[in-house]
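Throughout, a chain's letter reflects where its sequence line sits, starting with A, and its residues are numbered from 1. The structure presented is a predicted model; accordingly, all values stated were derived computationally and were not measured. Excluded from the calculations below are hydrogen atoms, water molecules and symmetry mates; all remaining heavy atoms, backbone and side chain alike, are included.
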Amino acid sequence: MPASKDTAAPQERLTLPAPLPRDFYLQPTLTVARALLGKTLVRRFDDGTIATGRIVETEAYTTDDPACHAFRGITPRTRTMFGPPGHAYIHMNYGLHFCLNAVCAPEGCAEAVLIRAIEPGTNAARLFRNYYPVETTAPLSNDEQEARAQTDRTLGAGPGRLTKALALDRAAEATDLTDPANPVYIADGTEVPEDEIVTTTRIGISKGAELPWRYYIRSSRFVSKR
DNA sequence: TAGACGATAGCCT
DNA sequence: GGCTATCGTCTAA
């Protein structure tokens, strides 16, 4: 894929899909985790540019799940999870990475879907610039173009990577993901056939690790781990 | 208040 | 596959 492909699209010409309604997040959390596959994550940056990503990997965390941060009850960190559905719950882990979750279930019931990977869509070059802030205007060599193509495949592959590419941190905590006026929201996307959805166990947890609550799109090159 | 731990990712062997 | 950077959060004392 040519490196310059996404750089020229005038932002004002973008026609973005409609945000998902709040009712979407009131479905059972496992259903939401599956249904979010193929949906569009829309990010409006401080400079007014917009980038999108197609969600290709999710994990579900429910209120009776020992791996869920809210398992032991409400704390300052988990307050957002106990709030109304359709909001962003963003937490830091390992002191390094932010992870983006969509809050599900009615207010008072703390459940969420972790968005683990996206496929860069509109304005992928903007995501690349966030990931590697030093941008050069010099023509890319063949090796550099190959390295860049490799990075395009991985810059949204993993919860920490995608928040870095989307420049999302605690400032976006509790953002209403159903409001298209917000800096980040989730919109409709493409339908994913049932046989394209892989159900497997979650990654990187010690409690509740046996639960098959991770979902990804089989044919996607952009999932974090198979 | 101190210490342990963690929904990760990059680098090295 | 192993190691580790690095810090917010929680728990125990």
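Summarising the geometry of A:T80 relative to A:A88, their closest heavy-atom pair is CG2-O, 3.4 Å, with the distance given to 0.1 Å. Closest heavy-atom contact between A:Y185 and A:L177: CB-O, 3.2 Å.
At whole-Å resolution of the value, CZ in A:F98 and P in C:dT6 are 15 Å apart. To the nearest angstrom, P of C:dC7 lies 12 Å from CZ of A:R170. Note: CE (A:M92) to P (C:dA5) measures 17 Å, nearest angstrom. Rounded to an integer number of Å, the gap from A:R202 CZ to B:dG6 P is 14 Å. Residue A:D169 contributes atom CG, which lies 12 Å from atom P of C:dG8 at whole-angstrom precision.
For A:D195 and A:R218, the salt-bridge test fails: no basic side-chain N is under 4.0 Å from an acidic carboxylate O. Ion pair A:D65/A:R202 flagged as a salt bridge, since at least one NZ, NE, NH1 or NH2 atom sits closer than 4.0 Å to an Asp/Glu carboxylate oxygen. Under the 4.0 Å criterion applied to side-chain N and carboxylate O atoms, A:D47 and A:R126 are assigned as salt-bridge partners.
Taking a pair as Watson-Crick or G-U wobble with both distances under 3.5 Å, DNA chain C forms stems of 3 or more consecutive pairs at B:1-6 with C:7-12, B:8-12 with C:1-5.
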* Asked: Between A:R34 and A:T199, is a side-chain hydrogen bond (donor to acceptor under 3.5 Å, both in side chains) present by the stated rule, with each step listed?
  -> CA-CA 9 Å; A:R34 291 174 70 94; A:T199 302; 3.2 Å; yes
Hey, can you pull the donor-acceptor pairs under 3.5 Å for the side chains in residues 51-60 of chain A, sequence neighbours left out?
from: A:T52; atom 1: OG1; to: A:T122; atom 2: N; distance (Å): 2.9
from: A:T52; atom 1: OG1; to: A:T122; atom 2: OG1; distance (Å): 3.3
from: A:R54; atom 1: NE; to: A:T190; atom 2: OG1; distance (Å): 3.1
from: A:R54; atom 1: NH1; to: A:E119; atom 2: OE1; distance (Å): 3.3
from: A:E57; atom 1: OE1; to: A:S224; atom 2: N; distance (Å): 2.6
from: A:E57; atom 1: OE1; to: A:S224; atom 2: OG; distance (Å): 2.9
from: A:E57; atom 1: OE2; to: A:R116; atom 2: NE; distance (Å): 2.8
from: A:E57; atom 1: OE2; to: A:R214; atom 2: NE; distance (Å): 2.8
from: A:E57; atom 1: OE2; to: A:R214; atom 2: NH2; distance (Å): 3.0
from: A:E57; atom 1: OE2; to: A:S224; atom 2: OG; distance (Å): 2.8
from: A:T58; atom 1: OG1; to: A:A33; atom 2: O; distance (Å): 2.7
from: A:E59; atom 1: OE1; to: A:Y61; atom 2: OH; distance (Å): 2.6
from: A:E59; atom 1: OE2; to: A:I203; atom 2: N; distance (Å): 3.0

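Distances shorter than 4.0 Å separate some side-chain N or O of A:R72 from OP1 or OP2 on C:dT11.
Aromatic ring centres of A:F71 and A:H69: separated by at least 6.0 Å.
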Report, one pair per line, the protein and nucleotides 7-11 of chain B atoms (nitrogen or oxygen only) whose separation is under 3.5 Å.
from: B:dA7; atom 1: OP1; to: A:H69; atom 2: NE2; distance (Å): 3.4
from: B:dA7; atom 1: O4'; to: A:Y61; atom 2: OH; distance (Å): 3.4
from: B:dA7; atom 1: N7; to: A:A67; atom 2: O; distance (Å): 3.4
from: B:dA7; atom 1: N7; to: A:H69; atom 2: NE2; distance (Å): 3.1
from: B:dA7; atom 1: N1; to: A:N101; atom 2: OD1; distance (Å): 2.5
from: B:dT8; atom 1: OP1; to: A:R116; atom 2: NH1; distance (Å): 3.3
from: B:dT8; atom 1: OP2; to: A:G204; atom 2: O; distance (Å): 3.1
from: B:dT8; atom 1: O5'; to: A:N93; atom 2: ND2; distance (Å): 3.3
from: B:dT8; atom 1: O2; to: A:H97; atom 2: NE2; distance (Å): 2.7
from: B:dA9; atom 1: OP1; to: A:P159; atom 2: N; distance (Å): 3.2
from: B:dA9; atom 1: OP1; to: A:G160; atom 2: N; distance (Å): 2.9
from: B:dA9; atom 1: OP1; to: A:R161; atom 2: N; distance (Å): 3.3
from: B:dA9; atom 1: O4'; to: A:H97; atom 2: NE2; distance (Å): 3.3
from: B:dG10; atom 1: OP1; to: A:Y131; atom 2: OH; distance (Å): 2.4
from: B:dG10; atom 1: OP2; to: A:R161; atom 2: NE; distance (Å): 2.9
from: B:dG10; atom 1: OP2; to: A:R161; atom 2: NH2; distance (Å): 2.2

